[in-house]
Amino acid sequence: MNEMDAEKELFAVNGEIEAVVFRNDENGYAVLKVRLDDGSQATLVGCIPYVFPGELITAYGDWETNINHGKQFKVSFFQQEMPYSENAIYRFLSSGIFKGIGPATATLIVNRFGRRALSAIADDYERLTEIKGINYTKARKLNEEFLRHSGIQELMAYICTYNLRPVLAMRIYHYYGERSLETLRENPYIIASALIGGKFSEADRFALESGMDGYSMERIKAAVVFELNHNMNNGHCFIPYEKLAAATAEMIGVELDDVNTGIDDLAENGEVIIEEIAGCRACYLPAIYMAECNVADDLAQRAGKKNSLNADLRGIIRDIESTEHVKYSTEQFSTLKAVTDNNVVVITGGPGTGKTTTIKAVIKLFNAIGLRTFLCAPTGKAAKRMTEVTGFDAYTVHRLLGAKIAEDDESVIFEKNEDDQLICDALILDECSMVDILLMDALVRALPNDAKLILVGDADQLPSVGPGNVFASVIASGVVPVVKLNTIFRQGDGSRIIENAHLINKGEYPDFSANTGDFFRLKRSQPSSAISTISDLFADRLPGNMGISIADIQVLSPTRKGELGTVNLNKKLQERLNPAGPGKKEIVFGDSIFRESDRVMQIRNDYDIIWSDKSGLVFGNGIYNGDTGTITEINTEMEYLTIDFDGKIVKYGYESLIEIEHAWAMTVHKSQGSEFEAVIMALSANSSLLLTRDIFYTAVSRAKRLMILVGDDSVAYRMIDNYRQTKRYNALKTRLVRAAE
């Protein structure tokens, strides 16, 4: 009970939950119909998470009268118990809480065991096999689900005492199981880990309220590690010692000297690595430090080891040109010569410069020479596009390396590594600008030392979402041979998308008034009119007038925030494209409504989630940050929804909805590695930090057939003029140069 509740008299009501009228699993708010002990029925409202029909509840609060719903009991806190009457046990078992147990099976269980039904499930589940239709496997599964429910119930009651979001309890139990409560008490800061997805402020408040000293070294060190993780997610490999100490001290309100002591303790224990490099005293998380060092050593070693192939290069190229009916340019021939002579090569160029044709030529060359070659890209969409344009199978890097969650449920491991390497002679990595230092480290560890590595990408696009600036650093180091494709081959096609992308990249203004070809600007001075135009384009004008399917249209915005940010745009577009309707199920989760037929996106890597193909015969694991799909089913009884990720069918429990968001509109960062038939870009002026040339350039280069800008021209001009690139703390360039010396 909190202090406010203690200052006023609270009433208590007792009864059996008859129905859960409404429940929001994000904030725990629920509306219950309860049969009170005196036989009357009451409506209970408030934060009452994870309760089910048949359970007994003792709620403390006060009566109030709602203008629309009448008399209600507003709950301040509550206690719940398992049901004990046969009717209540039946309602509990048949409520849908246990998968595979419906009304018929619940009736059989209660008829066989009566009031002892729940204790039989918990303590003597083998006896459930006495019931027709329940085998040992099903009995054990029911026992596991019952114990899970009991554990979540206990954990939920504990964290709600501290006003933490109920969804956090679901996530904690998902990863830590029966040890959840013990683990949480030992380390309150697991709440702010990437796995659980809570805020540091939530974890810190909980830690302090549960008795941790504000100046304890445990708290200070947790804050230091959080700062490093937070900045890693912002693209930094390290943080300078002084900046790290100052930011941590300010965040948690402690003295700078105490933070210095905490950083030094972490360094002494190997939890933080401190090194003088790149002109500063750099503080690394160990995994990032080791990754950066290894990538530098590996690429320098490959660059220093020439591996010229004994082959008639000109003769092979003539044969390929004849077969493919192409004529390679001088640039492309130079590229083929470079990949023949070197073990590692960078190929870079903007849109329309022939990267795809060059990749196909490299593959054909390697095949002709007899090299076993793998193709990969950082995202599913980029890999799929690579397959489509080259005609050869391409994989995501994660799938190629066999990514999965380790036994500690916290770290990612790869089945392919230095001890079990890929069986290949060459590997071509496309969209390399998207690859962060950790993924590049995993890739080079799994690649044989004598295998060729071809890094392909556009150096002017946005860097990776994760830590580091690998592609740009490799190019800037001068250690790895670089082939830059400059000739624009598709210029003759009259593509204003390609023409304007290159103008933007050079800092020049396109003619926005020339609404012709495949590039248009619709000037709208007010956000409300821009939203209306974007909705009309998406829902009616492009499908109706240009025959572009809604599935092939994507709205992009520089930012999540503001009227033209993705959060608000997604709400408006959902209202227009997928409104509520009879028979269309939906679930409220936090501030979002997920509805059948919604377009959604995975927003974090989930290596363990299982998917199947549409036949249900082929299975795999892993859905990754940026993957988009469509909600095909919402099962409110079993509490899951089904999403089709381009043929990969996945079921999400409600506790996992923290991993998805709507994707009618997405940020430019999230669009990396993807191409869309039509792109509508909202010119949002909400976040000045995101109004940069590289974001504008990346957005325009996502469009294949049509690019439409909607908003204020001044925003476009500001973005072109702003060549400011966010500084990322990383030392890969320095390490590469050192390793090559």
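This is a predicted model, so every value here is computed, not measured.
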So, does [X] use its side chain to make a donor-acceptor pair with the main chain of [Y] at under 3.5 Å?
X      : Y      : answer
Gln602 : Arg604 : yes
Ser656 : Tyr652 : no
Asn417 : Phe414 : yes
Asn343 : Ala303 : no
Gln574 : Ile593 : yes

For [X], all residues meeting side chain to side chain contact (heavy atoms under 4.5 Å, CB included), sequence neighbours excluded:
X      : result
Leu577 : Phe538, Ala539, Ile550, Leu573, Trp664
Val483 : Thr335, Ala338, Val345, Leu485
Ser592 : Phe594, His662

When you compare the side chains of [X] and [Y], does any donor N or O come within less than 3.5 Å of an acceptor on the partner?
X      : Y      : result
Thr323 : Lys364 : no
Asp458 : Tyr697 : yes
Asp460 : Asn505 : yes
Asp694 : Gln461 : no
Lys651 : Asn635 : no
Asn730 : Ser473 : yes
Asn231 : Glu227 : yes

Measure the [atom1]-[atom2] distance between [X] and [Y] for me, rounded to the nearest 0.5 Å.
X      : Y      : atom1 : atom2 : result
Cys432 : Ile475 : SG    : CD1   : 8.0 Å
Glu596 : Ile643 : CD    : CD1   : 12.0 Å
Phe392 : Thr387 : CZ    : OG1   : 10.5 Å
Ile649 : Asp644 : CD1   : CG    : 3.5 Å
Thr667 : Met601 : OG1   : CE    : 6.5 Å
Leu375 : Asp393 : CG    : CG    : 8.5 Å

Just do the side chain to side chain contact (heavy atoms under 4.5 Å, CB included) check on Val650 and Thr642 with the steps written out, would you?
-> CA-CA 6 Å; Val650 184; Thr642 303; over 6 Å; no
State whether the number of non-hydrogen atoms from other residues, nucleotides or ligands found under 6.0 Å of Lys484 atom NZ is greater than 12.
-> yes
Counting only heavy atoms not in Phe645, do more than 12 sit closer than 6.0 Å to its CZ atom?
->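 Enclosed: over 12 neighbouring heavy atoms sit under 6.0 Å from CZ of Phe645.
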Using a strict 4.0 Å threshold on nitrogen-to-oxygen distance, state whether Arg445 and Glu418 make a salt bridge.
->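 Yes, Arg445 and Glu418 are salt-bridged.
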Quick one: do Asp425 and Lys452 make a salt bridge, cutoff under 4.0 Å?
-> no
Heavy-atom distance under 4.5 Å between the side chains of [X] and [Y], does that happen here?
X      : Y      : result
Ile660 : Ile603 : no
Leu732 : Ile437 : yes
Gln672 : Thr379 : no
Phe471 : Thr348 : yes
Arg705 : Phe676 : no
Lys648 : Ile623 : yes
Thr390 : Ile363 : yes
Asn469 : Lys733 : no

Worked verdict on Asn625 versus Asn605 for side chain to side chain donor-acceptor pair (under 3.5 Å) | CA-CA 5 Å; Asn625 186 5; Asn605 290 334; 5.3 Å; no
Glu144 meets the salt bridge (charged side-chain N to carboxylate O under 4.0 Å, His left out) criterion, sequence neighbours left out, with Arg140
Listed partners of Glu633 passing salt bridge (charged side-chain N to carboxylate O under 4.0 Å, His left out), at least two apart | none
So which heavy atom on [X] is nearest to which on [Y], and how close?
X      : Y      : value
Ala703 : Ile497 : O-CG2, 3.7 Å
Leu299 : Val344 : O-CG1, 4.0 Å
Ala451 : Arg302 : O-NH1, 3.1 Å
Ala699 : Val679 : O-CG1, 4.3 Å

Stepwise side chain to side chain contact (heavy atoms under 4.5 Å, CB included) test for Leu422 and Leu427 = CA-CA 10 Å; Leu422 297 166; Leu427 187 143; 3.9 Å; yes
So among Asp298, Asn294, Val435, which one has a side chain to side chain contact (heavy atoms under 4.5 Å, CB included) with Met440?
->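 When side chain to side chain contact (heavy atoms under 4.5 Å, CB included) is applied between Met440 and each of Asp298, Asn294, Val435, only Val435 qualifies.
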For Ile634 and Ile631, what are the C-alpha separation, side-chain angles and deciding distance, and is it a side chain to side chain contact (heavy atoms under 4.5 Å, CB included)?
-> CA-CA 8 Å; Ile634 295 178; Ile631 297 175; 3.9 Å; yes
Stepwise, does the side chain to side chain contact (heavy atoms under 4.5 Å, CB included) test hold for Leu429 with Cys376?
-> CA-CA 5 Å; Leu429 172 62; Cys376 64; 3.7 Å; yes
Please step through salt bridge (Lys or Arg N to Asp or Glu O under 4.0 Å) for the pair Arg560 and Glu661, ending with a clear verdict.
-> CA-CA 12 Å; Arg560 290 176 54 84; Glu661 63 183 29; 3.0 Å; yes
How are the rings of Phe200 and Tyr189 set relative to one another: parallel (under 30°), tilted (30 to 60°) or perpendicular (over 60°)?
-> parallel
Which is it for Arg702 and Glu675 under the salt bridge (Lys or Arg N to Asp or Glu O under 4.0 Å) test, yes or no, and what are the steps along the way?
-> CA-CA 5 Å; Arg702 298 307 89 203; Glu675 280 189 347; 5.7 Å; no
By ring-ring contact (aromatic ring centres under 6.0 Å, His included) - contacts of Tyr284 (at least two apart) | Phe238, Tyr289
